[in-house]
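Read the structure below first, then the notes.
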Amino acid sequence: MSKVENNKKQKESSLYDAAYNLFTTKGINDTAISDIVKKAGVAKGTFYLYFKDKYDILDRIILNKSAHVLSKAINQTKERTFESFEEELLYFIDYIIEYFKDEKLMLKLIYKNLSWGVFKKAYKDYEEVYEIYSMFERGYEKTQLPKDEIDKMLFMIIELTGSVCYSSIILKEPADIDEMKPILFETIKKII
């Protein structure tokens, strides 16, 4: 990588880091582009070389952070051997829950966007989305279930997990996540 390319990458990375920090501490509505560039140590015009507006950088942060969580979960899941698809899926979901218990600020930022619909849009850019879908396909390979039904189940499970994580970890409603986890797992078993 040339010095110019390295400098560009460094500025973009600084903008991402600054925006993530500000979005998670001040909130999205209370963060202006001027706050982001000041924290990143770059000129305001530099921001617009990389992003259209603060919602553009927010969308990219959400996709990257969500993909990071899912990537860690799928990689940890692939390292283990399971007797059934159900065990594999519940381990994958449990990893996500435990991750968010430690990363509450990230959960606050991405919870509405930890969605299968969001990832389907970014399918080509994120290998982990393909790997998650492949896990589901393997789980259903001996059934006659059509691919669009697999999509619907995956959508429901990811949406349900994201919502329960936010409500139970952040809001502690209707109960703490450790209390809700067995109920969530039973519900997922019924879906699959």
TODO: Write down the atom of C165, the atom of I177, and the distance for their closest heavy-atom approach.
DONE: CA-CD1, 4.3 Å
- [ ] Not counting sequence neighbours, which residues clear side-chain contact (heavy atoms from CB on, under 4.5 Å) with E149? List them please.
- [x] L145, P146, K152
TODO: Check the surroundings of atom NZ in K38: do more than 12 heavy atoms from other residues, nucleotides or ligands lie under 6.0 Å from it?
DONE: no
Task: Sub-4.5 Å side-chain heavy-atom contact between L109 and L58 - done: yes
TODO: List for me each residue that meets ring-ring contact (aromatic ring centres under 6.0 Å, His included) alongside Y50, sequence neighbours excluded, and say none if there are none.
DONE: none
Task: Residues that E87 engages under side-chain hydrogen bond (donor to acceptor under 3.5 Å, both in side chains), provided they are two or more places apart - done: none
TODO: For M153 and I191, work out which heavy atoms get closest and say how close.
DONE: SD-O, 3.3 Å
Open item on the list: Could you check whether K172 pairs with D176 (Lys NZ or Arg NE/NH1/NH2 to Asp/Glu carboxylate O, under 4.0 Å)?
Closed with: yes
- [ ] Identify, with sequence neighbours excluded, every residue that meets side-chain contact (heavy atoms from CB on, under 4.5 Å) alongside P182.
- [x] none
Open item on the list: Once ring-ring contact (aromatic ring centres under 6.0 Å, His included) is applied, do any residues pair with F185, and if so which ones, sequence neighbours excluded?
Closed with: none
Open item on the list: Measuring from atom NZ of K78 to atom OH of Y91, what distance do you get when rounded to the nearest 0.5 angstrom?
Closed with: 13.0 Å
Task: Results of side-chain hydrogen bond (donor to acceptor under 3.5 Å, both in side chains) for D56 - residues two or more places apart only - done: R60
Open item on the list: Could you work out, with side-chain hydrogen bond (donor to acceptor under 3.5 Å, both in side chains) as the rule, every residue matching D53, not counting sequence neighbours?
Closed with: none
TODO: Over all heavy atoms of both residues, which pair between A40 and S14 is shortest? Give the atoms and the distance, please.
DONE: CB-O, 3.6 Å
Task: Partner residues of N21 under the side-chain contact (heavy atoms from CB on, under 4.5 Å) criterion, sequence neighbours left out - done: T25, K39
- [ ] Determine whether more than 12 heavy atoms belonging to other residues, nucleotides or ligands lie under 6.0 Å from atom NZ of K26.
- [x] yes
TODO: Please list, chain by chain and in numerical order, all residues satisfying side-chain contact (heavy atoms from CB on, under 4.5 Å) with A43, sequence neighbours excluded.
DONE: T46
Open item on the list: Taking I62 as the starting point, is it possible to reach L105 by hopping between hydrophobic residues whose side chains are less than 4.5 Å apart?
Closed with: no
- [ ] Determine the interplanar angle of the Y99 and H68 rings, folded into 0 to 90°, and report it as parallel if under 30°, tilted if 30 to 60°, perpendicular if over 60°.
- [x] perpendicular
Task: F100-Y166 aromatic ring centre distance below 6.0 Å - done: no
Task: Taking every non-hydrogen atom, the tightest pair across K104 and K101 - done: NZ-O, 2.9 Å
TODO: Please name all residues satisfying side-chain hydrogen bond (donor to acceptor under 3.5 Å, both in side chains) with K8, sequence neighbours left out, ordered by chain then number.
DONE: none
Task: By ring-ring contact (aromatic ring centres under 6.0 Å, His included) - contacts of F51 (at least two apart) - done: Y16, F47
TODO: Check ring-ring contact (aromatic ring centres under 6.0 Å, His included) between Y95 and all other residues, then give those that pass, not counting sequence neighbours.
DONE: none
